[in-house]
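Here the structure is laid out as structure tokens; the discussion comes afterwards.
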Amino acid sequence: MTIRTRFAPSPTGMLHIGGVRTALFSWLVARRAGGVFILRIEDTDRERSTPEAVHAIIEGMQWLGLTADEGPFYQTDRYPRYHEVINQFLQSGHAYRCYCSKEELDEMRAAQSARKEKPRYDGRCRHGAIVREGVTPVVRFANPQEGQVVVRDLVHGPIVFQNSELDDLIILRSDGNPTYNFCVAVDDWDMRITHVVRGDDHINNTPRQINLLMAMGAEPPIYAHLPMILGPDGTKLSKRHGAVSVLEYREAGFLPEALLNYLGRLGWSHGDQEIFSIEEMIALFDLADVNKSASALNPEKMAWTNQQHMMRSPSAHLTAPLALHLQALGVIDPSARSLEAIVASQRERAKTLREMAEASLFFYRAPTAYESKAAGKHLNATALPWLQVAEEALGELLTWGAVDIHRSLETLAASHGVSLGKIAQPLRVAVAGGGVSPPIDQTLAILGRTEVLARLAAAVAYIAGQPAV
RNA sequence: GCUCCCAUCGUCUAGAGGCCCAGGACACAGCCCUCUCAAGGCUGGUACGAGGGUUCGAAUCCCUCUGGGAGCGCCA
């Protein structure tokens with residue numbers, strides 16, 4: 001049997017990190033089994049669903065590479081089918097019309113709470129409701145009143161619910177809109193979903209959905225309820241934790257595969273392995289290895305994971321996104337320097353592409369001011385002669401490559417009986433404006449001879465203009 | 001209140017009765033490497049929520065408690 005899974009977000013907000021993790025696991029289950037992954041948009045809440053949110057979900061999934069084999073399907077397109085099932089239920093006695101008003105229901109629930117009972121519909125319209133003129137009834141599902149429902153859950157094991165705990169839920173609102181649990185059951189059946197992978201906040205909905213499925217004569221799928229993802233402080237994830245939308249992680253300079261790797265390791269593990277490529281995750285993922293307890297986001301580890309992926313990626317894979325980040329920082333033409341060389345020199349020095357872009361700005365812009373601490377230490381009278389001899393030696397180089405530059409500077413240092421650092425640091429501050437950059441030979445190679453000599457001349461002039469101490 | 005879920009270092013986790021006076025990773029501290037910053041290497045500290053069982057033996061199995069979370073909607 002072909003494994004079929006689905007990701008079913010409701011487009012009422014941005015696609016957040018928790019949703020992405022759910023989508024990832026669901027996608028992984030399908031990919032691992034050579035099955036089918038379906039995207040279904042649950043937009044029956046017409047008040048809160050927006051086209052912008054739908055777009056953000058699709059764009060996010062696309063950026064992450066979590067491609068759907070079928071869909072996106074929209075529940076609002078499936079109303080005829082829902083009404084068809086509701087009519088069947090009405091005829092078969094699996095559902096009934098209920099004329100109770102909201103006030104009546106509120107009163108009922110208030111009374112139950114006062115008696116310390118679980119608030120629930122008491123089924124007063126179940127047997128021959130009194131038709132009220134001018135009131136459009138809702139349709140309620142006649143939930144079985146006895147026996148139990150066993151949820152087959154791959155991460156939790158079997159979970160048992162007593163039918164006596166469940167009430168008759170509304171499946172069709174008075175405004176004609178079917179409700180969530182009902183639509184999910186119909187869709188999962190119609191789309192022949194074999195494995196429902198979703199957040200464990202849905203565990204309590206599951207027995208209702210199973211009863212609905214059984215009333216349709218359907219075989220319930222297997223479930224896998226994933227633990228929640230919490231904010232770094234261990235509380236429920238919300239806007240105040242910063243990034244809400246996955247797309248914000250793209251802006252922040254994360255690689256999609258790194259984000260997926262980090263999210264995958266939240267709740268899932270494969271021994272001691274930390275870094276996984278997408279292919280490895282597909283090959284190794286197993287719901288049996290998924291944790292039951294909630295986990296908190298750790299921004300430092302997320303960044304570290306991203307860095308690890310950047311270090312392992314072929315340079316060519318990083319140049320395009322780096323160019324985008326450079327442009328976002330105001331660099332008109334990122335290709336004015338070798339992006340591959342920049343990536344090669346910066347990849348282990350940055351946690352994100354954005355950081356990499358920031359640290360690489362000096363390749364495109366000569367320093368307009370020197371970092372005061374670095375300049376004080378390295379752009380002074382002591383450094384002046386080193387800058388001058390380096391300028392001369394570099395000017396005479398026949399070929400301008402990192403290896404040539406390195407050899408030249410080393411020879412220079414050796415001939416004066418000093419360490420390379422003595423010369424490299426002043427050079428670094430002169431060309432980069434501060435005390436930090438990739439190795440000096442690579443840095444100069446990327447910059448190009450003309451630019452380097454110009455910046456050295458500027459630094460020499462700067463020192464000359466400094467008051468003598 | 002009722003129902004359901006969960007519980008190993010600060011965080012992510014390994015651990016399916018003896019291999020564990022608990023291993024790895026992030027973060028932190030120190031050292032090494034070194035032209036800066038990183039990366040890398042080495043070293044260090046900190047965890048099985050509590051109490052009862054079961055067993056020759058429990059982080060691992062059972063029970064109770066405690067603590068956290070979810071649901072109880074004409075939201076999804």
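Throughout, a chain's letter reflects where its sequence line sits, starting with A, and its residues are numbered from 1. Since the model is a prediction, treat every value here as computed from it, not as a measurement.
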Have a look at A:Asp441 and say if it touches a base, only the backbone sugar-phosphate, or nothing, with a 4.0 Å heavy-atom cut-off.
base
Is A:Asp168 paired with A:Arg120 through a side-chain N to carboxylate O contact shorter than 4.0 Å?
no
State whether the number of non-hydrogen atoms from other residues, nucleotides or ligands found under 6.0 Å of A:Glu107 atom CD is greater than 12.
no
Pair A:Arg115 + A:Glu117: basic N to acidic O under 4.0 Å:
yes
Roughly, in whole Å, what's the span from CD in A:Glu348 to C1' in B:C33?
14 Å
B:C6 phosphate, OP1 or OP2, under 4.0 Å from A:His156 side-chain N/O
yes
Taking 4.0 Å as the cut-off, does a side-chain nitrogen or oxygen of A:Lys351 come that near to OP1 or OP2 on B:A39?
yes
If you check the A:Ser293 side chain, which of B:A70, B:C12, B:U8 turns out closest?
B:U8
In this structure, how many angstroms lie between the C1' atom of B:A25 and the CG atom of A:Leu266, rounded?
13 Å
Heavy atoms only, 4.0 Å cut-off, all strands: where does A:Asn298 land among base, sugar-phosphate and nothing?
base
Between A:Gln425 and A:Arg428, do the side chains contain an N or O donor and an N or O acceptor separated by less than 3.5 Å?
yes
On a whole-Å scale, what distance lies between the C1' atoms belonging to B:U3 and B:A22?
36 Å
Rounded distance in Å between the C1' positions of B:C19 and B:C2:
45 Å
Winner on side-chain proximity to A:Arg349, out of B:A76, B:C74, B:U36, is B:U36
Could you check which of B:U13, B:G71, B:C12 has an atom nearest any side-chain atom of A:Lys301?
B:C12
What integer number of Å spans the C1' atoms of B:C20 and B:C48?
10 Å
Can you measure A:Lys118 atom NZ to B:G1 atom P for me and round it to whole angstrom units?
14 Å
Rounding to a whole Å, what distance do you find between A:Ile159:CD1 and B:G69:P?
19 Å
Once you round it to whole Å, what is the distance between C1' of B:G73 and CG of A:Leu172?
15 Å
Does A:Gln308 make a side-chain N or O approach to OP1 or OP2 of B:G40 shorter than 4.0 Å?
yes
Check every strand shown and say whether A:Pro438 touches a base, only sugar-phosphate, or nothing at a heavy-atom separation below 4.0 Å.
base
Please check if any side-chain donor atom of A:Ser10 sits under 3.5 Å from a side-chain acceptor atom of A:Arg40, or the reverse.
no
If I take atom CZ in residue A:Arg428 and atom P in nucleotide B:A38, what distance separates them, rounded to the nearest angstrom?
12 Å
Determine: side-chain N/O of A:Gln307 to OP1/OP2 of B:A39, distance under 4.0 Å, yes or no.
yes
A:Leu284 has an atom CG; how far is it from atom P of B:A14, in whole Å?
14 Å
Whole angstrom value for the distance that separates P of B:G69 from CG of A:Asp233
12 Å
Looking at A:Arg109, does any N or O in its side chain come under 4.0 Å of the phosphate oxygens OP1/OP2 on B:G73?
yes
Per atom distances to the A:Trp304 side chain, the nearest of B:C26, B:A38, B:A70 is B:C26
